[in-house]
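Worksheet: the structure to be examined is printed underneath.
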Number of protein chains: 2
Amino acid sequence: MIESGNAESIRRGGGTGRLKAIKSVLRGRIDDGEYTAGKRLPSERQLCDEFETSRVTLHEILIQLETDGLIYREDRRGWFVSPTRFVYNPQSRGHFQMSASEQGRKPGTVVIDKAIVVPPPIVRELLDLGPDQELARIRRVRSINERSILYVEHYCIPEVFPGLFDHDLSVSMTELYREVYGFHYGRMKYRIMPTAVTGEAAGFLRVSNGSPALLVARVNHSIDERVRDCDLEYWRHDAVLIEVDVEAG
Amino acid sequence: MIESGNAESIRRGGGTGRLKAIKSVLRGRIDDGEYTAGKRLPSERQLCDEFETSRVTLHEILIQLETDGLIYREDRRGWFVSPTRFVYNPQSRGHFQMSASEQGRKPGTVVIDKAIVVPPPIVRELLDLGPDQELARIRRVRSINERSILYVEHYCIPEVFPGLFDHDLSVSMTELYREVYGFHYGRMKYRIMPTAVTGEAAGFLRVSNGSPALLVARVNHSIDERVRDCDLEYWRHDAVLIEVDVEAG
DNA sequence: AGGCATGACTGGTCTAGTCCAGACCTTAAC
DNA sequence: GTTAAGGTCTGGACTAGACCAGTCATGCCT
């Protein structure tokens, strides 16, 4: 059997357990702290040399460790050990910045852009809109300890929030809507599913096109149900743990 | 540019957009119904021949379509077009069978086994147990239209449910606990995160070891908070959409 | 009629590379 | 001090296979 940390006793050839063996060694190094959270792993080519394996096989091993949530990659920058997951409680009074601080993390928000757009079909469906309705869209990237983990597209009806784009949009939208427009959320409806992150979103999250993510699509309703807006949140799939309490029906 | 459905006009060589082009063609065939839900795709080798590409590249393309939730694979059986996702509402009064029927699907449940075991660390943490506490574990596989999409490990304290293993365990545990033991759930705490499915669970779900899944870990509390049990639910990642309504704090 | 063996087909694993394109660092010039 | 260019390093994309192991259907034998 494979000695932990030893690259030499691993057999080669088709279906010989190399993948499993090398994966186990790398997992061991992460577990025992030889590779620490946030730090970059040796490059794929270096690991290939060490384990005397091909880049395709080594790459597949890293992808499986990534699926496990143990490591993450930044496109053309390297593979890194994943920190513990951010705990996302949809019921929390606090917003992202507050929750992150409470969890001992350093939150950050960057506004990518703001524009009046025709929203994608999923947003029209969520908000029950006609085909030509335009919305205000604010795109932001959230980070934890300087690592981009969340890309958000926020959509709302511009007429309901006149002058919205004149405000500082890096703050909590919840607080902005309450303080400036007197708009209070009454309830939120969440849809959660694994998906792929593509296009510009992938770039902002520093992943390659088609990488796995967790999509949280949220529709926010005002207390009187007259006003709705929504958020499409694409979370790096290794970076988030959602916790929800539910009363039995 | 690539003619939709045409495999011949795709360039070859490193980073030439073959992947993107072939992916786009296959996505188009799924969207326009040439490949229909539940049906098997042509094999990897057949698609390699058609698109004149290598199995590694073709495989990567399929994996990206899988990440998108468009197709799924069964280990050594083929790739299939994904049906629409099962909508999982944790707040629903109904249980899996009822929800599935309401969504026009044919639910199924198979009991894999039942045993008294030392639970894994995650379960001990969820239930706040000591290191040697044994629990009753019931393992089941749920299917929709004869497709296995969910592997569940249910854990509870055997002393609270004497004679549990003598019952039909393919029914709703919620109903069984209420009817036989007078045990009513008061609230449930959910933890949701993407993960990898491994070991026997992978086999039951017909995926290879290390495949992506959505883990829903649920702790069920009785009304008087005296009794707790929990479920580890591993969902095929393309097969589930979680919907939750939340009142603002 | 049922069970077992065999063959064909499936995806998984593995090799040994090449080429592409973005990221980042260093150096030089203005 | 800033900007640009060049070089090195990174992962992504791609090739043309080979070999492994599980799945399933078919045929034969009891």
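Each chain gets a letter, A, B and so on, in the order its sequence line appears, and its residues count up from 1.
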### Task
Evaluate the criterion side-chain hydrogen bond (donor to acceptor under 3.5 Å, both in side chains) for residue pair A:Thr109 and A:Arg140; output intermediate values, then yes/no.
CA-CA 7 Å; A:Thr109 298; A:Arg140 301 190 293 183; 5.6 Å; no

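Between B:Glu60 atom CD and D:dC14 atom P the separation is 9 Å, expressed in whole Å. When rounded to the nearest whole Å, the span between CD of A:Gln64 and C1' of C:dT13 equals 10 Å. As a whole-Å value, the separation of A:Arg55 CZ from C:dT13 C1' is 17 Å. One atom, CG of B:Leu58, and another, C1' of C:dG12, lie 14 Å apart when rounded to the nearest Å. Note: CH2 (B:Trp79) to P (C:dC9) measures 21 Å, nearest angstrom. Atom CD1 in B:Ile61 sits roughly 10 Å away from atom C1' in D:dC14 (whole-Å rounding). Whole-Å rounding puts the B:Leu62 CG to D:dC14 P distance at 13 Å. Counting to the nearest Å, the P atom of C:dG11 and the CD1 atom of B:Ile71 are 10 Å from each other.
Between B:Ile144 atom CD1 and B:Arg147 atom CZ the span is 9.5 Å, to the nearest 0.5 Å. Here the straight-line distance linking atom CD1 of B:Ile61 with atom CD1 of B:Ile22 works out to 4.0 Å at 0.5 Å rounding.
Residue pairs that meet the ring pair (Phe, Tyr, Trp, His ring centres under 6.0 Å) test with at least one member in residues 17-38 of chain A, sequence neighbours left out, do not exist here. Within the structure, salt bridge (Lys or Arg N to Asp or Glu O under 4.0 Å) pairs that include any residue of residues 59-71 of chain A comprise A:Arg27-A:Asp68, A:Glu66-A:Arg73 (at least two apart or interchain).
For A:Leu19, taking side-chain heavy atoms from C-beta onward, the closest of the listed nucleotides C:dT13, D:dG12, C:dA16 is C:dT13. Between D:dA16, C:dT13, C:dG17, one nucleotide has an atom nearer to the side chain of B:Val56 than all others, and that is D:dA16.
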Side chains of residues 194-207 of chain B: which donor-acceptor partners sit under 3.5 Å, not counting sequence neighbours?
unit_1, atom_1, unit_2, atom_2, d
B:Glu200, OE1, B:Arg139, NH1, 2.9
B:Glu200, OE1, B:Arg139, NH2, 3.1
B:Arg206, NH1, B:Glu74, OE1, 2.9

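Contact between the side-chain N/O atoms of A:His59 and the OP1/OP2 oxygens of D:dG12 is found at a separation under 4.0 Å. Between A:Thr53 and the phosphate of C:dC14, there is no side-chain N or O to OP1/OP2 separation shorter than 4.0 Å. Considering only side-chain N and O atoms, A:Thr57 lies under 4.0 angstrom from the phosphate OP1 or OP2 of C:dT15.
Using a distance-only test at 3.5 Å, with no hydrogens or angles considered, no donor-acceptor pair links the side chain of B:Thr57 to the main chain of B:Thr53.
Residue-level contact check: B:Arg73 touches the backbone only, with heavy atoms under 4.0 Å from sugar-phosphate atoms and none from bases. Nucleic acid contact class of B:Ser208 (heavy atoms, under 4.0 Å, all strands): sugar-phosphate only.
For the pair A:Glu243/B:Tyr190, no side-chain contact is recorded, criterion being any heavy-atom separation below 4.5 Å from C-beta on.
Listed in residue order, the members of residues 36-49 of chain A having a heavy atom less than 4.0 Å from DNA chain D are A:Ser43, A:Glu44, A:Arg45.
Classification of the B:Phe86-B:Phe96 ring pair by plane angle, with boundaries at 30° and 60°, yields tilted.
Looking only at atom types and distance, the side chain of B:Tyr88 has a donor-acceptor partner in the side chain of B:Glu233 under 3.5 Å away. For the residue pair A:Asp238/A:Ser82, the side-chain donor-acceptor check at 3.5 Å is satisfied.
The one candidate from A:Leu135, A:Ile138, A:Leu164, A:Asp231 that meets the side-chain contact (heavy atoms from CB on, under 4.5 Å) condition with A:Cys156 is A:Leu164.
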Below 3.5 Å is the cut-off: list the nitrogen or oxygen pairs between protein and nucleotides 22-24 of chain D, distance only.
unit_1, atom_1, unit_2, atom_2, d
D:dG22, O4', B:Arg76, NE, 3.1
D:dT23, OP1, B:Arg77, NH2, 3.2
D:dT23, O3', B:Arg77, NE, 3.4
D:dC24, OP1, B:Arg77, NE, 3.2

Look for any protein N or O under 3.5 Å of an N or O in nucleotides 6-8 of chain C and output each such pair with its distance, or none.
none

